[in-house]
Visitor: 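Sharing a structure below in C-alpha cells format, with a few things to ask.
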Amino acid sequence: MGYNLLKGKKGIIFGALNEMSIAWKVAERCLEEGAEIVLTNTPLSIRMGGVQEFAEKHHIPLIPADATSVEDLTNLLQESMKHFGGKVDFILHSIGMSLNVRKKRSYDDLDYDFLQKTLDISAVSFHKVLQCAKQLDAINEWGSVVALSYVAAQRTMYEYNDMADAKAMLESIARSFGYIYGREKKVRINTISQSPTMTTAGSGIKGFDSLVDFADRMSPLGNASADDCANYCVCLFSDLTKKITMQNLYHDGGFSSMGMSFRAMHQYNKSFDIEKSEAAGEE
C-alpha cells in the first residue's frame, strides 16, 4: 500500500541487479510511493541481471554507468536531468564488491590491487557520485542521498574482510560531504547500516548464512529484510526526514545495541553441550 510519500519526486537508483537486490526493492517501493526513477548499473551487471526487464516493464530509463568513472557518472546525471526535465530529489547508492572476498584472500593476506578496487567500487564511488552531482547542481534543495552500509564499519565481523574498511570509509564520506552539501545546497546525506541481507552479493561471502542466522537470534526484532530496508529508504527520501543528515542509521532489529541475547546464548549452549557429549564419547 502506498502513501504518496514520494509523489512528484524524481530519483536515481544505483545497484539493482535482480529481485534479491535491496536496490530492486527500493525501486519498487519508490514507484509505489509515486516517484519517477532512473535505474543504473554497470553494463556487465545489466547483462547478468534482470534489471533490463524490470525497466522495460515499468517504462523506466536504464542508463549504464560504472560508478567508479566520473565520465559515466556525469553522463548519467545529465541524461537523468534531461529525462526528468530538471534536477533529481533523491539518489540511492547500493554498490559494493570485494575481489579479496571473492578470491577468499584473508584480511592478513590481502591483494592490494584488489583492495584498491574494493575501496574505489564500494566507497570512493559514493564520493564521485556526490561530487559530480554537486558540480552539476543535479540535486534539488532538501534532496536526499542514501548509501547502504553495514555494522562491520564499527565492529569486527568474521570473514567480512576489506569490505569493512570500505564501509567505514563510506560512512565517513557521508559525514564529510554531508556537511558541505547541507550547508551549501540543503542536500542531506545518510547511510543505512542494514541487517545482513541475503542478496546476490551477500550470499557470496563465506559463512554468510550463519551470519544471517546469528544476527537474527541476536536482534530483539529479528533481522530487517530487504523490503523493510526499502521502506526505510523511502522514508529518508521523503519530506518527513528533512532535518536528518550526516547520520549512520542502524536498521538491524536492534542488533547494534545488543551484547548477548537469550536466543543466541541458547543456541551456543546447545552446541557446547554437543561438544561435551562428543568429548565424553571419545574418552
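Residues: numbered from 1 along the sequence shown.
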Visitor: Keeping the roles fixed (side chain from Gln194, backbone from Ala224), state whether a donor-acceptor pair exists under 3.5 Å.
Guide: yes

Visitor: Quick one: NE2 on His93 to CG on Leu170, what's the gap to the nearest 0.5 Å?
Guide: 6.0 Å

Visitor: When you check the gap from the basic side-chain N to the acidic O, do Asp113 and Lys117 get nearer than 4.0 Å?
Guide: no

Visitor: What are the two closest heavy atoms between Asp89 and Gly8, and how far apart are they?
Guide: OD2-O, 4.1 Å

Visitor: Could you tell me the separation between the CD1 atom of Ile13 and the CD1 atom of Ile37, rounded to the nearest 0.5 Å?
Guide: 4.0 Å

Visitor: Counting distance only, does the side-chain N/O of Thr68 pair as donor-acceptor with the main-chain N or O of Asp120 below 3.5 Å?
Guide: no

Visitor: Looking only at the side chains, is there a donor atom on one of Arg175 and Tyr179 sitting less than 3.5 Å from an acceptor on the other?
Guide: no

Visitor: Please identify each residue that fulfils salt bridge (Lys or Arg N to Asp or Glu O under 4.0 Å) with Lys185, with sequence neighbours left out.
Guide: Asp137

Visitor: What heavy-atom pair brings Phe84 and Gly11 nearest, and what distance separates the two atoms?
Guide: CZ-O, 3.6 Å

Visitor: Quick one: do Phe255 and Met258 satisfy side chain to side chain contact (heavy atoms under 4.5 Å, CB included)? Show the steps, please.
Guide: CA-CA 5 Å; Phe255 176 87; Met258 288 297 299; 5.6 Å; no

Visitor: Do Glu33 side-chain atoms and Leu5 backbone N/O form a donor-acceptor pair below 3.5 Å?
Guide: yes

Visitor: Applying salt bridge (charged side-chain N to carboxylate O under 4.0 Å, His left out), which residue pairs with at least one partner in residues 51-80 are found, sequence neighbours left out?
Guide: Glu79-Lys82

Visitor: Identify the residue among Ile95, Thr191, Leu92 that makes a side chain to side chain contact (heavy atoms under 4.5 Å, CB included) with Leu148.
Guide: Leu92

Visitor: Can a donor-acceptor pair be found, under 3.5 Å and without considering hydrogens, that links the side chain of Ser238 to the backbone of Leu240?
Guide: yes

Visitor: Grouping I, L, V, M, F, W and Y whenever their side-chain heavy atoms are under 4.5 Å apart, do Met163 and Val212 come out in a common cluster?
Guide: yes

Visitor: Which atom pair, heavy atoms only, marks the closest approach of Pro64 to Pro43?
Guide: CB-CG, 4.1 Å

Visitor: Calculate, to the nearest 0.5 Å, the distance between atoms CD and NZ belonging to Glu141 and Lys242 respectively.
Guide: 9.0 Å

Visitor: Once rounded to the nearest 0.5 Å, what's the spacing between atom OG of Ser125 and atom CE of Met97?
Guide: 10.5 Å

Visitor: Looking at Asn190 and Ile244, would you say the former's side chain and the latter's main chain have a donor-acceptor pair under 3.5 Å?
Guide: yes

Visitor: Would you call the rings of Phe177 and His127 parallel, tilted or perpendicular, taking 30° and 60° as the class edges?
Guide: perpendicular

Visitor: In terms of hydrophobic clustering (I, L, V, M, F, W, Y; side-chain heavy atoms under 4.5 Å; direct or indirect links), are Phe114 and Met169 co-clustered?
Guide: yes

Visitor: Assess whether side chain to side chain contact (heavy atoms under 4.5 Å, CB included) is satisfied between Ser80 and Leu76, documenting all intermediate values.
Guide: CA-CA 6 Å; Ser80 297; Leu76 167 66; 3.8 Å; yes

Visitor: Hey, what do you get for CD (Gln135) to CG (Leu73), rounding to the nearest 0.5 Å?
Guide: 11.0 Å

Visitor: Start with the C-alpha gap between Asp239 and Lys9, add the side-chain angles, then the distance that decides, and say whether salt bridge (Lys or Arg N to Asp or Glu O under 4.0 Å) holds.
Guide: CA-CA 10 Å; Asp239 291 336; Lys9 293 193 179 295; 3.1 Å; yes

Visitor: Give the intermediate values and the outcome of salt bridge (Lys or Arg N to Asp or Glu O under 4.0 Å) for residues Asp227 and Arg29.
Guide: CA-CA 8 Å; Asp227 287 310; Arg29 286 295 290 120; over 6 Å; no

Visitor: Do the side-chain N and O atoms of Gln154 and Tyr250 include a donor-acceptor pair separated by under 3.5 angstrom?
Guide: yes

Visitor: Are Asp108 and Ser106 linked by a side-chain donor-acceptor pair shorter than 3.5 Å?
Guide: yes

Visitor: Looking only at side-chain N and O atoms, does Asn100 offer a donor or acceptor that is under 3.5 Å from a partner on Asp162?
Guide: yes

Visitor: May I ask whether Leu130 and Phe14 are part of the same hydrophobic cluster, defined by side-chain heavy atoms of I, L, V, M, F, W, Y residues being less than 4.5 angstrom apart, directly or through others?
Guide: yes

Visitor: Check the orientation of His58 and Phe54. Use parallel for under 30°, tilted for 30 to 60°, and perpendicular for over 60°.
Guide: tilted

Visitor: Between Lys25 and Glu19 (salt bridge meaning N to carboxylate O under 4.0 Å), is one present in this structure?
Guide: no

Visitor: Quick check: is Ile12 connected to Phe126 through a chain of hydrophobic side chains (ILVMFWY, heavy atoms under 4.5 Å apart)?
Guide: yes

Visitor: Donor-acceptor pair, Arg188 side chain versus Leu236 backbone, under 3.5 Å?
Guide: yes

Visitor: Say whether Tyr107 and Asp165, considering side chains only, have a donor N or O and an acceptor N or O under 3.5 Å apart.
Guide: yes

